[in-house]
Every structure is written in C-alpha cells, then in structure tokens.
Number of protein chains: 2
Amino acid sequence: MALIVKKFGGSSVATTEKIMAVARRVLADKKPEDKVVVVVSAMGDTTDDLIQLAKGVTDKPYGREMDMLLATGEQVSIAILAMAFASLGQPSVSLTGCQAGIDTNNAFNKGKIKAVKPDRVLAELAAGKIVVVAGFQGVTADGDITTLGRGGSDTTAVALAGAMQADVCEIFTDVDGVYSADPRVVKTARRMKEITYNEMLEMARLGAVVMQPRSVEMGKHYGVPIHVRSTFSREPGTIIREVYTVEEKEFIIRGVTHDSNVAKVAILGVPDRPGIAYKVFSALAQANIDVDMIVQSIRNADKNINDIVFTIAQPDLPMARQIIEEVGKTIGVLGVVVDENVAKVSVVGAGMYGSPGIAAAMFGALSDAGVNIEVISTSEISISCLIQADKVKEAVGAIHARFFKDENNAK
Amino acid sequence: MALIVKKFGGSSVATTEKIMAVARRVLADKKPEDKVVVVVSAMGDTTDDLIQLAKGVTDKPYGREMDMLLATGEQVSIAILAMAFASLGQPSVSLTGCQAGIDTNNAFNKGKIKAVKPDRVLAELAAGKIVVVAGFQGVTADGDITTLGRGGSDTTAVALAGAMQADVCEIFTDVDGVYSADPRVVKTARRMKEITYNEMLEMARLGAVVMQPRSVEMGKHYGVPIHVRSTFSREPGTIIREVYTVEEKEFIIRGVTHDSNVAKVAILGVPDRPGIAYKVFSALAQANIDVDMIVQSIRNADKNINDIVFTIAQPDLPMARQIIEEVGKTIGVLGVVVDENVAKVSVVGAGMYGSPGIAAAMFGALSDAGVNIEVISTSEISISCLIQADKVKEAVGAIHARFFKDENNAK
C-alpha cells in the first residue's frame, strides 16, 4: 500500500473533458490498495477571470475579500473532479482547504501554512475514498479563507503529503521533469532522475521555474519526496529528495539556470565609513525588497570612496531607486546608476564545494562565447554571473555544453 | 437604531454594475446608526451555468458535490459586494453560510436550517461593518456545505433576521410587493401595504409566487416582519406580519390566486368500505406526492360504490397514475381518469370565516363569466375552485372584479 498525494495544475483541469482525463489517469495509476489524495488548482483561466470581475467594482483587488473570491475557483474544480470520479464508479469526496485542515496565518493573498490537521482527509481515505482537496487555499484561526500566493497549490500538496507522511507527492505539470537547463533555451538539456532539495532550491532561487522554493522547502522540512512529472505522459519525471537513491552518472554541476527578471543598481562614490552599507540595505529591507549579488569595490582609495553594486528583481526597481536616491543624499554619494538590461546565469551543484576549477570552467565558457561578466557571486552550491540580457541564450548554451559535453545527445 | 436584514436576488446582482448599484442603494437607505446585513444570491445565471458544467462530467448532478459546486456562486457575489462597499468607503465583510452560522441538517440540495448562530455576524456589526452573507447555503455538523433548495436565499435572510431579532427583513425583488392578484393577469390588481403570515402562506400554497412558504413560515415562527419590495424603486412594498398595523380599507378577501400547475385524478367506482381512502392516500404519501382538493361523491348508492377525485402537482402525475392504477387493482375500481387541462383559482382572506356569502359571491362571479366549476374545496381562510385551464384568466379577472370592485383604478 502506498499513500500518494497528486497535484494537478490549472491547465490540467481547464475543461470538464480534461478533468475526466485526470480522473481516468489517477484511476489507471492507482493500485487497489493505494490511498490517493488529489490536490487541484482552479480550472484554466478561472483565477484571472475572477480578478477581472473584481476589477469591475474596485481598483484595489486584494485583501480578505479577494481570497473569499479566488477560493471559489478551486472549490469548483474539486466538486467537478469528485463528480468525475463518481461517474467512473470511484467513491470520492471533495474538501476545501478549510475542510482538509490547511491552517494558515492571516496574511491574506499570501497566507503561510501554520499547521496541517489532516484528520478528515485520513478518515475519508480510510473509508475507501479518493480525497480531492482544493489547492492554494487555507483558513485562519478565525475561520476566514486565505489563499497561499504563487505556487500555492504545490504548497498545499507537499504540506498535506508531509503532514500525512505520504510516500510521495507527485506534481503533475506541463513539463516532464527538472532539466539541467531550460529546454526551451538549451536543446540538449537533460532530464534528471533525481535532484536534492538543496540543489532544487538553489536552482529555483536562481531562475528555474519548475517549482516554487516554498514547496521544495516544505518537502525538505517533512522529508517527503516530490516527483515532478508530466500530466500527458506516464513516464517517470524527476524526484526531488534529500539524497540520491539511484546511480546516475556523476555530475558535479546539476543544472544551469538563468534569470532575466533582474536589474542592476550601482551606487557610485560611497564614503568608506562603518555603517554605510547597513544604512543602504536596511532601507531596502524595510521596503521588503530582496537584494542579491552585492559587490563592493574600491573606487578611489585616496578619497576613501567605494562603489556598491547589487541586483534586485526588476519589478522592485522603481521603489528601490527612490529609496537609494534618498539614502544617497543623506550619506553623500557621487551618483546612482541602474541597468535593467542584465540577466543572471548560474551553475548549481551540491558537489562543487571542494571541486576546484568549476568557476574557472564557467568563466572560460563565457569568455569563449564572447560574453562579458559584470558581477560574480557564489554560494556553497552555486556560482552566478551577471551578464548583458541579450547574451543569455549563448551564455546558458555555452556553460551547459562545457559541463554536460558528453551528454549532448543523451536526452 | 434599526437592525435590518436585506436580501437581493440573482437578477439584482447579475453584473458588477448591478452589484455597485445595490451597494449604493443600501448606503443611501442606511441611517448612520443602522446595523445592516445584506444576503445575496448568485450572480444572474451562475447557478444554471454551474449545473451545466457538472453535466460535463456526470448525468447525476446532485448530492454533496453539487452543493460544494453551487455554493461557489453565492461566495463570488458576497466577495464582490463586499469589495463594492469597500470601494465606496464603507467597511464591510463577507461571510459564507458556514461563517454566518447557518447550521443545517445533512439533506444535500434541500438542506433545512436547524440553528442559526449569528455570533460572528453580530461581532462584525458591532465593529461598524455591513455584513454580506451568502444566501442559499449552510453547513452540516460535519462541516460539509449544503444548499437550501428553491427560495433558499430568502430563507437565509429571514432565518438570520429571526435569530438576531432584527427589526425587519427586506426582500428586494423584481416586483414591488404582494398584489391582490397576479398583476400580469389582472391589470387592476392592487398592491397591499400589509398582509398576515397566514394569508401569505395560504396565497403561496395556492399559487402566488412572490415568496416561498418556507421563508414565510420562518418569519412567522420568529415574528420577524418581512418587507417585500422592489430593487428598482425606493417606494415601500408589502409587509408580511402577524397582524395589521396600518389602517387599510377593510377587505375580507385579501387576494385572488391561481395555479395552473395542477392535474386532476378521478378514481371511479371505489368500493364504499372503511380503509379504502387510507389505502389510496397512504400509497401516494409514501411516494412523497402532495394531494390537494379531495372530494368523494356517491356514484351508485345501491352498489355501494363512490368516486374519489383529487388534485396533485402536474410533475407528480406519471408516478401518481402508476400508483393509483396498482392500488386500484387490489381494491377493485371501475377505472382511473386523469386530466392535466385544469387549473385552480382561489380567494384568500383571514376574515372570511364568519362572513357568509363569500363562497356564493365567488361562484356567482365564475358563473357570470361562463366558467364551469369542477371541484370545490375550502379552508378556514380560503376557497378554491378547480376549473378548465383555458379559463384561468377570465376566472381570476371576474373574481377579482367582484371582490375589489371599488378599487379597480386604485393601484
């Protein structure tokens, strides 16, 4: 017997026909003794349609009432999927986030799961039913409906799987696994059979869009393997887990990622005094702006002034610029320069620490491809380079070819 | 200060523009110190659309999952209306049936309210908010979502008003009150300022479609006045209450109703023995078929056989016919004759008991109009005649003219 949580996203349940296909797929994969929980998102564009509806009455479509509204999307999906199972003769029951025991804090629109109380889910499974749970939603201690923000249905699935100590959480999606690079950019990218939580987290942080970091963190926290696989194929995909269990040809580098949604900010001529960096970055932190790739360099040692360069997400740029210009006036700087025409390419691999030459190989690949490096930053399991945005494709391709050269046709 | 529950139906909230209009209307009518609860139905055709969606996966669209599905309709309305209030600067909060404390039994699709626990509603009102509640839905002791069946949003509104001892429950609808006859049939029908619960119940039972009997019964049970009024006008409508409070020109007859959704069943040559009627009508009761206007007449006294005639709702006819034919065989009857081409016209008025001549006046009006009476039945506050269906309009017109003759132009 296996206890399995499966999650299907909005495009997998976009129509009643697709919902019937999901129901048939789940039944085809289910062994008689398996206990199965299916987490679903809202049908197709439902969430966008509801947001449009809200815009008919308010120009501030967020807060508690928005979650009340958006939660209906998943509630429709679960009811229809449970009916689909019933029409195929499979006992089934649908549960809202609240009914499934997904308890959150009261941060509407971006609720955080505080606890999962799967008593009802377990009771329905014990009664022989497939349990269909609304993803993306939870309930506060006051009984108010919350939604979990981007990637929320994945979070629901992994959290439920963790709380129930499920054998695996399967995330069905329109790609068939996690690749060594974005297959739309690198044709020879190879699908991994397994990847560790830490590697997946680093890849997600550095631009891989397969899974939101939050869900991976939750899988790591609970030790639940996450199987990323295709809705449209019965082939296995990629399993995210703590340590490898299958023998794969060893790669120090597991993946090459890129992120074009970045902007560079350079503060020129910053006085070299204690507390200056603190002033700059605490002002950004107060505005909830994440800062990445910080580099400080000496501009003029005689005058004791430095340059500080860092990157942020592009949507944060207008607010960051305003903050930095204000702070800059109070501390006295030469100027602030911003550049949106940049991108970050990275290599990720848990084995790179203690493997000299990885950085050199990456820089060499970029150099051979004629790509200039503007900023470099490293973590224990990654190296990132900031480059000009229009060079992303060549850069990712060149780095991937360097590290996966024997595997060009192995996909 | 007044505590007021207002209910707006699906056509009043069919679009975001109409929802904004409802929000403005509620605010325009609200005195600063008033506490207001607004109960709403699903937007326009939402419920029908959801039923169609369910038909995409099952040919049995009912049961628990159907309520899970349909409840989303009202949940969308309440969120949008609460946002509309917010956009007008009015603090507001939306509550599902569950959150508003509408506890029901677990009869899915036709849940009955067992208790109303309005603690949350009262707390939000005390905090200065307009509380927007989803009509038509409740929750079982197990936390499952139920819907309340036809007229369910009215029931929610009246039950909430009763539990909170509200001053009035206002039902906003597309007619501007309760009329002495259907205004589409009788042009001179007059709107009543007030009507008693019992009269309204009898009129609803006999074909008036303004309010479902269940909501009126609940108003009577709690002693909450129900104000039936127009969404599109600020004129007062009709108040349903225990006793009249305003002086109206006294009418013994309050209304003339008609019901074309009836069928006549005649069992011919029934043996005149004790227990025969019991056999017939208990078989119908077991099949949940409501029987009305029962008349037994002697067919042949020498042979000790009678005829039994009764009426039922037309949709029940196929099943009733089958049951009666089976019972007829076991007791030995001459035959069963059914007629769908009939209608019932009635006069209703609490004052008719002890006012001789009402029945005679009604029969006279029908006779003068050339309408033949097939069956007559009476209650304490009504007299009904079964007639041929194609005579309904003349019959209602003639009776109304007879009893309201001084008021022909008073509307």
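Here is how names work: the chains are called A, B, and so on, in the same order as the sequence lines, proteins then strands, and each is numbered from 1.
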note = Within residues 142-174 of chain B, the residues sitting under 4.5 Å from chain A by heavy atom, in sequence order, are B:D142, B:G143, B:D144, B:I145
Sorted by number, residues from residues 75-87 of chain B in contact with chain A (heavy atoms, under 4.5 Å) = B:Q75, B:V76, B:I78, B:A79, B:I80, B:A82, B:M83, B:A84, B:S87
task = Identify the two heavy atoms, one from B:E65 and one from A:V93, that lie closest to each other, and give their separation to 0.1 Å.
result = OE2-CA, 3.5 Å
note = Counting heavy-atom pairs under 4.5 angstrom with chain A, the leader among B:T96, B:D67, B:L69, B:D59 is B:L69
request  = Can you measure from CD1 (B:I19) to CG (A:L53) and round to the nearest 0.5 angstrom?
outcome  = 7.0 Å
message = So if I take each residue of residues 31-42 of chain A and look for any heavy atom under 4.5 Å from a heavy atom in chain B, which residues do I end up with?
response = none
query = Under a 4.5 Å heavy-atom cut-off, does chain B meet the side chain of A:M43, its backbone, both or neither?
reply = side chain
ask   = At a heavy-atom separation under 4.5 Å, does A:L95 approach chain B through its side chain, its backbone, both, or neither?
value = both
ask   = Using a cut-off of under 4.5 Å for heavy-atom pairs, which of B:T58, B:T15, B:L50 has the most such pairs with chain A?
value = B:T58
note = To the nearest 0.5 Å, atom CD of A:E74 lies from atom OG1 of B:T72 at 11.5 Å
key: Residues of residues 105-133 of chain B with any heavy atom under 4.5 Å of a heavy atom in chain A   = B:R120
